[in-house]
There are 2 protein chains.
Amino acid sequence: MSYSYEYPRPSVTVDAVVFGYDAGELRVLLIERGEEPFRGAWALPGGFVGLDEDLDAAARRELREETGIEPVLLEQLRAFGTRGRDPRGHTVTVAFVALVKLGDHSVQAATDAADARWFPANDPPALAFDHAAILQCARAHMIEAVRTRPVGFDLLPAQFSQTDLQKLVESVLGEELDKRNFRKKLHALGLLLPTGEYETGVPRRAAQLYRFDAARYASLLKEGFQFRL
Amino acid sequence: MSYSYEYPRPSVTVDAVVFGYDAGELRVLLIERGEEPFRGAWALPGGFVGLDEDLDAAARRELREETGIEPVLLEQLRAFGTRGRDPRGHTVTVAFVALVKLGDHSVQAATDAADARWFPANDPPALAFDHAAILQCARAHMIEAVRTRPVGFDLLPAQFSQTDLQKLVESVLGEELDKRNFRKKLHALGLLLPTGEYETGVPRRAAQLYRFDAARYASLLKEGFQFRL
DNA sequence: CCCAATGGTGTATATCGGACACTCAGAGCT
DNA sequence: AGCTCTGAGTGTCCGATATACACCATTGGG
């Protein structure tokens with residue numbers, strides 16, 4: 001099957017920077033390319049957009065096909081369209097950022113992906129195409145997002161300690177924060193619900209576990225509330 | 001001439017939201033479409049991306065062709081690719097925001113554009129495609145940008161009064177600011193050079209004119225300086 | 001000469017952000 | 001049982017920042 005157009009034009013792809021959080025470190029999901037170009041290299045999951053397919057639907061589909069992951073939160077980063085970024089010819093890619101709770105998903109490589117694995121987001125391997133630049137841009141996006149929106153809660157399990165959250169924020173920002181000041185702000189937001197439950201199996205005093213009050217956040221937003229950490 | 005591909009796929013266009021500032025109001029440059037679809041309707045300037053053409057180069061080219069404008073500052077907003085946004089078939093557009101000093105450019109419609117004119121950015125006419133949504137997004141972008149980056153200086157003439165700048169910021173934000181507090185912050189930034197010249201032809205005390213210290217801003221940026229108004 | 005309109009200027013107060021250190025709880029080990 | 005280790009939990013002070021607020025000066029025009 002083949003299709004004709006009056007003018008030559010770039011192709012459109014989507015790529016997803018999927019972040020997860022595990023072992024105190026921000027991680028990014030990469031696939032090993034099973035096809036040329038860059039066969040055997042690590043890359044962001046993604047692929048061509050189908051005709052009449054929404055961009056975010058395409059990103060979700062490619063993620064599902066290549067890695068088995070179905071993210072809850074997926075938002076557009078921006079388009080990358082520098083000439084020469086794809087050796088097959090000019091392609092414009094629309095990059096997305098997705099956040100997943102690592103425990104909720106097991107990664108399963110398929111279709112174009114020979115393998116799919118989590119890597120440290122701040123120390124990734126060499127990447128195909130211009131994916132290193134896209135990842136860099138996504139990390140900058142996260143630095144902004146983690147301070148101004150409650151994104152941490154999409155990366156942590158449903159229940160988490162205040163320290164869990166702080167370590168995550170520190171990992172994204174790449175800098176350490178003061179425990180008391182962090183908690184002061186956190187409580188001031190009023191978005192944490194104490195569960196009454198505690199960590200188990202830790203060789204020290206167990207930290208209390210909290211839950212994110214999504215309903216309250218939604219209603220605060222309507223009143224012009226601005227999240228800030 | 002015709003080109004063939006193995007798979008059907010969306011086309012790529014660029015659209016530019018060009019902002020200017022005049023008569024105390026933020027303005028946006030629109031063209032009247034000279035071709036179907038939406039012939040006769042107002043729309044953002046833009047068009048198809050050529051093969052092997054960078055996205056920003058395409059946006060600049062379309063702007064030049066359709067309106068005669070060559071903006072200094074052009075930055076990507078994001079991609080819009082919702083199915084059905086273009087009646088000709090699926091097209092993905094990458095939207096840009098451009099800022100121009102109104103006095104430096106005279107607008108000249110050509111090629112696909114039957115006309116090109118400035119409209120109030122906060123009260124635009126009905127627009128073709130999903131351009132109203134793109135404009136909305138661009139305005140939100142400006143609200144963010146005007147507080148965190150010295151964008152006002154790209155919209156004003158080389159010399160301007162403090163009040164000019166304040167009125168511009170107020171027009172973008174859609175809210176009024178306190179004169180003394182605004183000037184306090186402005187002076188604290190240390191980015192205004194007094195020119196010693198004054199307004200002329202005004203029926204009141206003439207305001208002193210200033211110039212933006214771009215060199216100083218560039219050097220401050222390297223030291224991790226964050227602009228904030 | 002008076003009026004209208006805007007230019008230009010400082011202080012006092014509330015709020016926010018950042019620095020900073022100790023005690024307590026619980027698990028594991030001897 | 002007692003000791004040790006690790007991280008949990010908690011409040012104050014100070015400096016910086018943001019906001020509210022009012023009057024006189026200057027100029028052109030009528």
Side-chain angles (χ1 to χ4, degrees), chain A residues 23-25 143-144 146-148 156-157 159-171 173-211 220 224-229, chain B residues 23-25 143-144 146-148 152 156-157 159-171 173-211 220 223-229:
Chain A
E25 196 174 46
I143 288 175
E144 173 70 14
V146 82
R147 280 195 180 277
T148 58
L156 291 171
Q159 297 196 145
F160 51 87
S161 69
Q162 299 177 78
T163 300
D164 288 339
L165 184 56
Q166 183 179 344
K167 291 271 188 264
L168 189 165
V169 171
E170 288 175 345
S171 173
L173 294 181
E175 79 190 86
E176 301 210 334
L177 302 173
D178 179 86
K179 178 163 64 163
R180 281 176 292 189
N181 292 336
F182 182 82
R183 292 178 179 211
K184 201 196 305 178
K185 291 193 205 174
L186 208 48
H187 288 129
L189 290 171
L191 293 172
L192 287 193
L193 296 169
T195 61
E197 294 181 54
Y198 292 82
E199 290 179 310
T200 53
V202 290
R204 50 168 163 88
R205 176 175 175 182
Q208 184 166 183
L209 299 177
Y210 294 82
R211 192 176 284 280
L220 282 172
F225 169 80
Q226 173 63 56
F227 183 94
R228 186 149 289 270
L229 264 186
Chain B
E25 196 174 46
I143 289 174
E144 173 71 15
V146 83
R147 279 195 180 277
T148 57
L156 291 171
Q159 296 196 146
F160 51 87
S161 70
Q162 298 177 80
T163 300
D164 289 339
L165 183 56
Q166 183 178 343
K167 291 271 187 265
L168 188 163
V169 172
E170 288 174 346
S171 173
L173 294 180
E175 80 189 84
E176 302 209 334
L177 302 173
D178 178 87
K179 179 164 61 164
R180 280 176 292 187
N181 292 336
F182 182 81
R183 291 177 180 212
K184 199 195 306 178
K185 290 193 205 174
L186 207 48
H187 288 130
L189 290 171
L191 293 172
L192 287 193
L193 295 171
T195 61
E197 294 180 52
Y198 291 83
E199 289 178 311
T200 54
V202 289
R204 50 173 161 83
R205 176 174 174 184
Q208 183 166 184
L209 299 178
Y210 294 82
R211 194 177 282 282
L220 282 173
E223 301 164 19
F225 169 78
Q226 172 64 54
F227 183 93
R228 185 147 291 267
L229 265 185

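Atoms considered below: every heavy atom in the structure, side chains included; atoms not considered: hydrogens, waters and symmetry mates. Every chain is numbered from 1 and lettered A, B, ... according to where its sequence line falls, protein lines coming before strand lines.
The closest donor-acceptor contact from the side chain of B:E170 to the backbone of B:E176 lies at 3.5 Å or more, if one exists at all.
Between the CG atom in B:L193 and the CG atom in B:L209 there is a gap of 13.0 Å [rounded to 0.5 Å]. Taking CG of B:L229 as the start and CG of B:L177 as the end, the distance is 8.5 Å to the nearest 0.5 Å.
Straight-line distance from the CG atom of B:D178 to the P atom of C:dT9: 14 Å, rounded to whole Å. The nearest whole Å value for the distance from the CZ atom in B:R228 to the C1' atom in C:dC16 is 14 Å. Per the geometry, CZ belonging to B:F182 stands 16 Å off C1' belonging to C:dT6, to the nearest Å. The CD-P distance, from A:E176 to C:dA19, rounds to 12 Å in whole Å. The CG atom of A:L177 sits 15 Å away from the P atom of C:dC20 (whole-angstrom rounding). Here C:dG17 presents its P atom at 10 Å from CG of A:L229, a figure rounded to the nearest Å. One atom, CD of B:Q208, and another, P of C:dG7, lie 13 Å apart when rounded to the nearest Å. One can place CG of A:L186 at 16 Å from P of D:dG11, the figure rounded to the nearest angstrom.
Residues A:V202 and A:K179 both approach DNA chain C. Their nearest nucleotides, taken by heavy-atom distance, put A:K179 toward the 5′ side. Mapping A:N181 and B:A206 onto DNA chain D via the closest heavy atom, the residue that lands nearer the 5' end is A:N181. Residue-to-nucleotide proximity on DNA chain D shows that, of A:H187 and B:G201, the 5′-proximal contact is made by A:H187.
In the set D:dA8, C:dG8, C:dG28, the nucleotide with an atom closest to the side chain of A:R205 is D:dA8. Ranking D:dG7, D:dA25, D:dA22 by closeness to the B:R180 side chain, first place goes to D:dA22.
For A:R183 and D:dG9, the shortest distance from a side-chain N or O to OP1 or OP2 is below 4.0 Å. Distances shorter than 4.0 Å separate some side-chain N or O of A:K185 from OP1 or OP2 on C:dG18. Regarding contacts with the backbone of C:dG7, a side-chain N or O of B:T163 is found under 4.0 angstrom from either OP1 or OP2.
Judged by distance alone, with hydrogens and angles left aside, B:K184 brings no side-chain donor or acceptor close enough to the base of D:dT17 to form a pair under 3.5 Å. A donor-acceptor contact under 3.5 Å is not formed by the side chain of B:R204 with the base of D:dA25.
Between B:E197 and B:R211 there is no salt bridge, since none of the side-chain N atoms of the basic residue sits less than 4.0 Å from a carboxylate O of the acidic one.
No hydrogens or angles considered: nothing links the side chains of B:Q162 and B:Q166 as a donor-acceptor pair under 3.5 Å.
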